[in-house]
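Some notes on the structure that comes next.
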Amino acid sequence: MKLIHALVGFCSMIAFAAPAGAAEPTHLMPDSLNLEIVDGSVVPDDCMYPASITDTTRFEIACVTMPAIVGAEISSQYIGQLGAQGWHQGNYVPGGMTAVRIDENNCRRVLNIFPSNYPPSEENADVNVLWFALDRTPRCNEAQPG
């Protein structure tokens with residue numbers, strides 16, 4: 001019994017002595033999309049983005065991973081949040097789809113959404129990823145004031 005008390009005390013000391021980890025993020029792209037991170041998904045340390053969306057001068061990027069078994073359910077919750085913010089389905093593109101929204105300047109904002117296995121090279125992965133790539137440049141008609 002003394003050993004158990006000693007182990008519990010030791011573990012408690014380590015817990016208090018360990019530095020506090022960084023707080024888990026609660027939203028993706030809080031300054032633009034502001035998507036609440038859905039229960040069951042996490043923001044990984046390494047998103048393993050495909051090369052086609054790594055240009056951060058062109059795209060604002062974010063990702064979440066989730067267990068593959070509930071991936072469709074979690075993904076639909078992210079799509080629902082986008083719909084509630086006025087985004088609607090755009091085009092299907094290789095590897096994913098776009099969502100579009102008209103902004104306050106009457107310009108189209110385009111968000112690319114790509115689902116994949118995580119890591120991407122792993123077939124039949126137990127984890128899925130959703131990559132979000134928001135085009136930083138709104139698409140405006142020429143006739144609109146700049």
Side-chain angles (χ1 to χ4, degrees), residues 4 6-141 144-146:
I4 292 174
L7 285 173
V8 170
F10 180 71
C11 291
S12 297
M13 287 178 7
I14 290 174
F16 287 114
E24 289 292 318
T26 59
H27 289 78
L28 286 178
M29 301 176 169
D31 296 330
S32 55
L33 293 180
N34 198 29
L35 294 176
E36 184 175 330
I37 296 175
V38 174
D39 285 341
S41 63
V42 297
V43 177
D45 291 333
D46 181 0
C47 285
M48 298 184 196
Y49 293 109
S52 60
I53 62 171
T54 57
D55 180 357
T56 56
T57 60
R58 180 172 177 201
F59 298 111
E60 180 182 356
I61 56 178
C63 83
V64 291
T65 59
M66 64 210 74
I69 196 163
V70 292
E73 177 186 325
I74 291 173
S75 295
S76 68
Q77 290 181 53
Y78 283 105
I79 300 303
Q81 286 186 60
L82 289 168
Q85 294 180 20
W87 293 86
H88 60 276
Q89 184 175 342
N91 299 316
Y92 287 102
V93 296
M97 63 177 254
T98 64
V100 295
R101 181 177 62 83
I102 304 301
D103 69 13
E104 62 279 352
N105 296 317
N106 206 28
C107 297
R108 259 181 3 127
R109 299 302 313 260
V110 177
L111 172 66
N112 299 280
I113 305 167
F114 301 103
S116 183
N117 290 332
Y118 186 85
S121 60
E122 188 173 320
E123 289 187 35
N124 301 319
D126 291 333
V127 177
N128 290 1
V129 64
L130 269 182
W131 292 303
F132 297 93
L134 178 62
D135 195 329
R136 292 184 185 274
T137 306
R139 299 174 186 176
C140 302
N141 293 332
Q144 295 174 345

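Here, residue 1 is the first one in the sequence, and each next residue gets the next number. Side chains are part of it too, since the values below use all heavy atoms of this structure and drop only hydrogens, waters and symmetry mates.
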Exercise. If only atom types and distance count, is the side chain of E60 paired as donor or acceptor with the main-chain N or O of A133 below 3.5 Å?
Worked result: no

Can I get a per-line list of side-chain donor-acceptor pairs under 3.5 Å for residues 45-53, giving both atom names and the distance, sequence neighbours left out?
| from | atom 1 | to | atom 2 | distance (Å) |
| --- | --- | --- | --- | --- |
| D46 | OD1 | M48 | N | 2.9 |
| Y49 | OH | A62 | N | 3.3 |

For this session: Could you tell me which non-hydrogen atom of A125 sits nearest to which non-hydrogen atom of A68, and how far apart they are?
Result: O-CB, 3.6 Å

Exercise. Under 3.5 Å, is there a donor-acceptor pair between the side chain of R139 and the main chain of C107?
Worked result: no

Problem set entry | Spacing of H27 atom NE2 and N34 atom CG [to the nearest 0.5 Å] | 4.5 Å

Exercise. Between the side chains of S41 and Y78, is a donor N or O closer than 3.5 angstrom to an acceptor N or O?
Worked result: yes

Exercise. Is there a donor-acceptor pair under 3.5 Å between the side chain of Q81 and the backbone N or O of E36?
Worked result: yes

Seminar exercise, completed: Between the CG atom in D55 and the CD1 atom in I61, the distance rounded to the nearest 0.5 Å is 9.0 Å

Problem set entry | I79 CD1 to W87 CH2 distance, which is reported to the nearest 0.5 Å | 11.0 Å

Exercise. Under the side-chain contact (heavy atoms from CB on, under 4.5 Å) criterion, do H88 and V100 qualify, and how do the steps go?
Worked result: CA-CA 5 Å; H88 60 276; V100 295; 3.1 Å; yes

Exercise. Where do D39 and Q77 land on the side-chain contact (heavy atoms from CB on, under 4.5 Å) test, with the steps shown first?
Worked result: CA-CA 10 Å; D39 285 341; Q77 290 181 53; over 6 Å; no

Exercise. Where do G86 and R101 come nearest, in terms of heavy atoms and distance?
Worked result: O-CG, 3.5 Å

Exercise. For I102, what residues pass the side-chain contact (heavy atoms from CB on, under 4.5 Å) criterion, not counting sequence neighbours?
Worked result: N106, R108

Problem set entry | Beyond-backbone contact of F59 with R136, side-chain heavy atoms, under 4.5 angstrom | no

Exercise. Side chains of D135 and L111: does their closest heavy-atom pair fall under 4.5 Å?
Worked result: no

For this session: For residues L28 and I37, determine if any side-chain heavy atom of one lies less than 4.5 Å from a side-chain heavy atom of the other.
Result: yes

Seminar exercise, completed: Closest non-hydrogen atoms of C63 and V129, given as atom of the first, atom of the second and distance, are CB-CG2, 4.0 Å

For this session: Could you walk me through whether L35 and L82 pass side-chain contact (heavy atoms from CB on, under 4.5 Å), step by step?
Result: CA-CA 8 Å; L35 294 176; L82 289 168; 3.9 Å; yes

Exercise. Heavy atoms, side chains only, cut-off 4.5 Å: are I113 and W131 in contact?
Worked result: no

Problem set entry | For P67 against G40, the heavy-atom pair lying closest together | CD-O, 3.2 Å

Problem set entry | N105 side, atom CG; R109 side, atom CZ - distance, nearest 0.5 Å | 10.0 Å

For this session: Please confirm whether the backbone N or O of V93 pairs with a side-chain atom of N91, one donor and one acceptor, at under 3.5 Å?
Result: no

Exercise. Which residue pairs pass the side chain to side chain donor-acceptor pair (under 3.5 Å) test with at least one member in residues 111-122, sequence neighbours excluded?
Worked result: none

